[in-house]
Structures are given as structure tokens and as C-alpha cells.
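A short worksheet on the structure shown next.
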Amino acid sequence: MRGPVRALALVLLWAACIERPFAEPAVQARSQVDRSALREVLVAPPADAVVVGAVFGNAAELLAYKMEPPQMVAGQRTKLTLYWRCRAEMEPWHVFVHLDDASGSGARIHGDHDPAGGRFPTDAWKPGDLIADPIWFLPGSKP
């Protein structure tokens, strides 16, 4: 199938995983995070988000995700927002996302990052917090 822009059928193989970094310092110390500046981050998932419910280390729960637009298009930025719930105090962890091509071509997009663009590290999360963590992707124009 040829055309100026070909839609990429990507699925979330691992919607998101979270892991402890290897002896890396936290981006900010817990006391330095200004929670009042995180109004767009400390929000619940919208009603149209895809429910996940995966728990990582009994500390973080991936409640849901939302992809905008819902299908990735080559050369068009896509925003994937992960919605987390903090279940217990955490150490500094990184979030990583792998998006695999649904056709089985083996193409993979990686999205490793610190939550909220590094502004809200996991060691600053408090039990009960709901966190919206946006990640931007730009799929290649080649299928």
C-alpha cells in the first residue's frame, strides 16, 4: 500500500513498564518538587482512557492510557499519556514504553523517560497520587 502518508498499525506491547535505575541520582530531591506546579500532572484518567490495571512492585499501578490520535501515523506526532496511581512510597524509577508494529515487522519505538518530563520523579509520589505522564512519539515515515 503506497501513499503520501501511510498509517502505521502499532499496538502497545508493553503499555508501560517501570524500573529502578542503576545507581543514578534522582532528578530532584523529594523536598524540591513543587506540587502546586503539577496541576496538569496530578489528575485522574479521563473516561475514554483504556483501562490497564497493572501493578509494579506493589508501589505503582498503571491505571490506564490514552493515545492521541488513537492510531499512529508516519510523520505525525502522537501523544501517549500513562495514568498512574502511587500505592506506596517509591524510590526513583524510570518509565519505559515499547510500541511494536502490529504487522510483525519487528519495528519498535522506545520511549524511556522520567515521569512528567523529569518534573515529578517517582520518589516524590505520595500514596494515593494519580499521575498523568505524557510521552510524545514521532513514528518514522518508512513502514
Side-chain angles (χ1 to χ4, degrees), residues 1 5-143:
M1 182 167 140
V5 177
R6 179 178 162 186
L8 298 178
L10 293 174
V11 295
L12 279 113
L13 176 64
W14 293 101
C17 291
I18 191 165
E19 67 179 357
R20 291 186 184 122
F22 298 103
E24 292 181 20
V27 176
Q28 296 178 328
R30 181 185 302 260
S31 61
Q32 295 177 338
V33 172
D34 180 4
R35 294 173 69 87
S36 68
L38 298 170
R39 288 189 184 108
E40 79 286 1
V41 174
L42 292 167
V43 298
D48 61 344
V50 178
V51 175
V52 177
V55 178
F56 299 89
N58 285 329
E61 179 180 4
L62 179 60
L63 296 172
Y65 72 88
K66 182 173 182 179
M67 195 155 51
E68 302 169 87
Q71 184 175 21
M72 294 180 127
V73 176
Q76 180 180 340
R77 283 175 39 115
T78 300
K79 178 178 156 183
L80 172 67
T81 304
L82 305 172
Y83 293 93
W84 299 96
R85 177 190 345 249
C86 180
R87 296 168 54 115
E89 287 195 18
M90 297 178 62
E91 296 175 356
W93 289 19
H94 293 294
V95 175
F96 64 92
V97 177
H98 294 169
L99 300 168
D100 286 351
D101 187 324
S103 71
S105 72
R108 176 175 276 177
I109 298 173
H110 299 275
D112 302 359
H113 70 286
D114 291 312
R119 296 180 4 209
F120 197 32
T122 58
D123 65 336
W125 295 7
K126 295 180 181 176
D129 280 350
L130 299 176
I131 300 104
D133 180 22
I135 308 160
W136 290 91
F137 297 96
L138 182 61
S141 57
K142 296 179 183 179

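The basis for the numbers below is simple: all heavy atoms, side chains too, and nothing from hydrogens, waters or symmetry mates.
Here the shortest heavy-atom pairing between A44 and L130 reads CB-CD1, 3.7 Å. The nearest pair of heavy atoms linking A132 to V43 is CB-CG2, 3.5 Å. The minimum heavy-atom distance between P115 and W93, with the atom names listed, is CD-O, 4.2 Å. Residues V51 and A64 approach most closely at CA-CB, 4.0 Å, considering heavy atoms. The shortest heavy-atom contact between K126 and C86 is O-CB, 3.3 Å. R35 and L42 get closest at one heavy-atom pair: O-CD1, 4.0 Å.
Between F96 and H98, the distance from one ring center to the other falls under 6.0 angstrom.
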* To do: Determine, step by step, whether M67 and T81 satisfy the side-chain contact (heavy atoms from CB on, under 4.5 Å) criterion, reporting the C-alpha distance in whole Å, the side-chain angles of both residues, the deciding distance to 0.1 Å, and the verdict.
  => CA-CA 6 Å; M67 195 155 51; T81 304; over 6 Å; no
Please lay out, stage by stage, how W136 and T78 fare under the test side-chain contact (heavy atoms from CB on, under 4.5 Å).
-> CA-CA 6 Å; W136 290 91; T78 300; over 6 Å; no
side-chain hydrogen bond (donor to acceptor under 3.5 Å, both in side chains) assessment of H94 paired with D114: CA-CA 5 Å; H94 293 294; D114 291 312; 2.5 Å; yes
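No donor-acceptor distance shorter than 3.5 angstrom exists from the side chain of D129 to the backbone of I131, with no hydrogens or angles considered. Without hydrogens or angle criteria, T122 side chain to E91 main chain gives a donor-acceptor distance under 3.5 Å. Listed for the W125 side chain is a donor-acceptor partner under 3.5 Å among the backbone atoms of F120. The backbone N or O of V41 lies less than 3.5 Å from no partner atom in the side chain of R119, so there is not a single donor-acceptor pair.
Among pairs with a residue in residues 55-79, those fulfilling salt bridge (Lys or Arg N to Asp or Glu O under 4.0 Å) read D48-K66, E61-R85, E61-R87, at least two apart in sequence or across chains.
Using a 4.5 Å cut-off on side-chain heavy atoms (C-beta onward), D133 and Y83 make no contact. Under the 4.5 Å side-chain criterion, counting only non-hydrogen atoms from C-beta, V52 is in contact with Y65.
The side chain to side chain contact (heavy atoms under 4.5 Å, CB included) test with P45 is passed by exactly one of V50, L63, L82: L63.
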